[in-house]
Visitor: 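Have a look at the structure that comes next, please.
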Amino acid sequence: MPHQKTVLVTGGAGFVGSHCVAELIARQYNVVVFDNLQQGHRAAVPAEAELVEGDLASHAALARLFSTFRFDAILHFASNSLVGESMRNPHLYLYDNVVNALNLIQAATENGVSKFVLSSTANLFGMPDRMPIDENTEIDPGSPYGESKFMIERILHWADKVHGMRSACLRYFNAAGAHPDGHLGEDHDPETHLIPLVLDVAAGKRSHIEIFGEDYPTHDGTCIRDYIHVSDLADAHVRVLAMLDHKSCRYNLGNGRGYTVREVIETAARVTGRDIAVKTGPRRPGDPPVLIASSDRVRKDLGWDPRFPDLETIICHAWDWRCRNPDGYASHMTRELVGAS
Ligand code: UDP
């Protein structure tokens, strides 16, 4: 019987990480999640995965982790990931994100791990003037967050050259949606992303959604983004793992189609059947007018083909998760308490 591969998923209790864990388990991998549970949720980690609570800043915690398990590969999601916060507190990103990744990469190379997949970002490209954005687009990070991911990409470049550790850097556009079966979804505190905020309004948890700027050079004046279903992201991670033997790679992950903020709100109103009150606010600093991916390379190399490319399905899955879990993962805890009493 073939050896069952063991994968370490840092940040596996978070939004994209937990969907990747589900995908890995579905494809018969052993999974160890390492997460400090500051932003992640215990309830997002399935019983089939081993959850180790810990922080990448701790050398002792990493030493324990790597002496307990032997990993064939690492998927690295754990990081601070808010563009706005990084503009206010660059240190948290340029120091913490980078040092934590360095600690992990050092432990990986010392322990002979041969494959590493990094959760990277479209923010690497800043404000490009040509669309779509492919892997040859000039890198010019739009924030300390994007810069921190680029620095980690460079560290991985040298980990390959010096230690032969192969890496894949996956630059996501706007991750959205929820697991199609409704058991995993998006639950951030604070929530800053457009789709969950719009669904909060639909659910009556917020009075309105503020549109950050209606004076952009787009057809309705609001920003255009390429929303990509979180399960399609998970699929790309697991595919890339399987082919990451000979050569490191970088891929942009999006649907190649953009929607304005107004179009997202209209689609959400249609999907939920609710009115969504809107107010116009000022532009959010650092927001590029348009971000659309070219994912031709990943399609060609990995045969990746998004299963849920249309915005309506993405929002429908996010709404389904919201209806089943009105308080996010806290709803799981409430159900467990009620079930136990
Ligand atoms: N946005 C908005 N109001 C909000 C949150 C977001 O108008 O309350 C806009 C934001 O300016 C951007 C788009 O929605 O154009 C997507 O933002 P999000 O924060 O979801 O992702 P980002 O593009 O920053 O990664």
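We count ligands from 1, going down the list as the structure has it; atoms in each ligand are counted the same way. In this text, all values refer to a predicted model and were calculated from it rather than measured experimentally. Counting begins at 1 with the first residue of the sequence. Both backbone and side-chain heavy atoms feed into the values below; hydrogens, waters and symmetry mates do not.
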Visitor: Identify the protein heavy atom lying closest to atom 16 (C) of ligand 1, giving its residue, its atom name and the separation to 0.1 Å.
Guide: Tyr227 OH, 3.6 Å
Visitor: Salt bridge or not for Arg70 and Asp72, using N-O below 4.0 Å?
Guide: yes
Visitor: Is Ile195 touching ligand 1 with its side chain, its backbone, both, or neither, if touching means heavy atoms under 4.0 Å apart?
Guide: neither
Visitor: Once you measure the plane-to-plane angle for Phe125 and Phe173, does it fall in the parallel (<30°), tilted (30-60°) or perpendicular (>60°) bin?
Guide: parallel
Visitor: Provide, to 0.1 Å, the distance between atom 24 (O) of ligand 1 and the closest protein heavy atom, together with that atom's residue and name.
Guide: Arg284 NH2, 2.6 Å
Visitor: Is the count of non-hydrogen atoms from other residues, nucleotides or ligands lying under 6.0 Å from Asp275 atom CG greater than 12?
Guide: no
Visitor: Measure Leu194 to ligand 1 on non-hydrogen atoms and call it side chain, backbone, both or neither using the 4.0 Å cut-off.
Guide: both
Visitor: Between His229 and His317, how do the two ring planes meet: parallel, tilted or perpendicular, split at 30° and 60°?
Guide: perpendicular
Visitor: Does atom NE2 of His59 have more than 12 heavy-atom neighbours from other groups under 6.0 Å away?
Guide: no
Visitor: What is the closest protein heavy atom to atom 1 (N) of ligand 1, and at what distance does it sit?
Guide: Phe212 CD1, 3.6 Å
Visitor: Parallel, tilted or perpendicular: which describes the rings of Tyr145 and Tyr93, with under 30° parallel and over 60° perpendicular?
Guide: perpendicular
Visitor: Verify, without hydrogens or angle tests, whether Asp232 (side chain) and Arg307 (backbone) share a donor-acceptor contact under 3.5 angstrom.
Guide: yes
Visitor: Among protein heavy atoms, which sits nearest to atom 3 (N) of ligand 1, and what does the distance come to when rounded to 0.1 Å?
Guide: Glu210 O, 2.7 Å
Visitor: Which protein heavy atom lies closest to atom 11 (O) of ligand 1, and at what distance to 0.1 Å?
Guide: Asp287 OD2, 2.5 Å
Visitor: Considering only heavy atoms of Ile209, which atoms of ligand 1 have at least one such atom less than 4.0 Å away?
Guide: 8 (O)
Visitor: Quick one: look up the protein heavy atom nearest atom 15 (O) of ligand 1 and list residue, atom name and how far away it is.
Guide: Cys223 CB, 3.0 Å
Visitor: Can you pull out the closest protein heavy atom to atom 9 (C) of ligand 1? Residue, atom name and distance to 0.1 Å, please.
Guide: Val261 CG2, 3.8 Å
Visitor: Leu197 heavy atoms, cut-off 4.0 Å: which ligand 1 atoms fall inside?
Guide: 8 (O)
Visitor: Please could you name the atoms of ligand 1 that Thr192 approaches to less than 4.0 Å, counting only its heavy atoms?
Guide: 5 (C), 19 (O)
Visitor: Please determine if Ile211 has a nitrogen or oxygen closer than 3.5 Å to a nitrogen or oxygen of ligand 1.
Guide: no
Visitor: Can you classify the ring geometry of Tyr95 versus His91 as parallel (below 30°), tilted (30 to 60°) or perpendicular (above 60°)?
Guide: parallel
Visitor: Is the contact between Leu291 and ligand 1 made by the side chain, the backbone, both, or neither, using heavy atoms and a 4.0 Å cut-off?
Guide: neither
Visitor: Quick check: His193 and ligand 1, any N/O pair under 3.5 Å apart?
Guide: no
Visitor: Are Arg166 and Phe116 in a cation-pi contact, defined as NZ or CZ under 6.0 Å from the six-membered ring centre and within 45° of the axis?
Guide: no
Visitor: So which heavy atom in the protein is nearest atom 22 (P) of ligand 1, and how far is it from that ligand atom?
Guide: Asn174 ND2, 3.4 Å
Visitor: For His237 and Tyr172: C-alpha separation, side-chain torsions, deciding distance, then whether ring-ring contact (aromatic ring centres under 6.0 Å, His included) applies.
Guide: CA-CA 11 Å; His237 284 76; Tyr172 322 151; 5.5 Å; yes
Visitor: Between Tyr216 and ligand 1, which part of the residue brings a heavy atom under 4.0 Å of the ligand: side chain, backbone, both or neither?
Guide: neither
Visitor: Could you verify whether a donor N or O on one side chain and an acceptor N or O on the other, from Asn97 and Ser148, lie under 3.5 Å apart?
Guide: yes
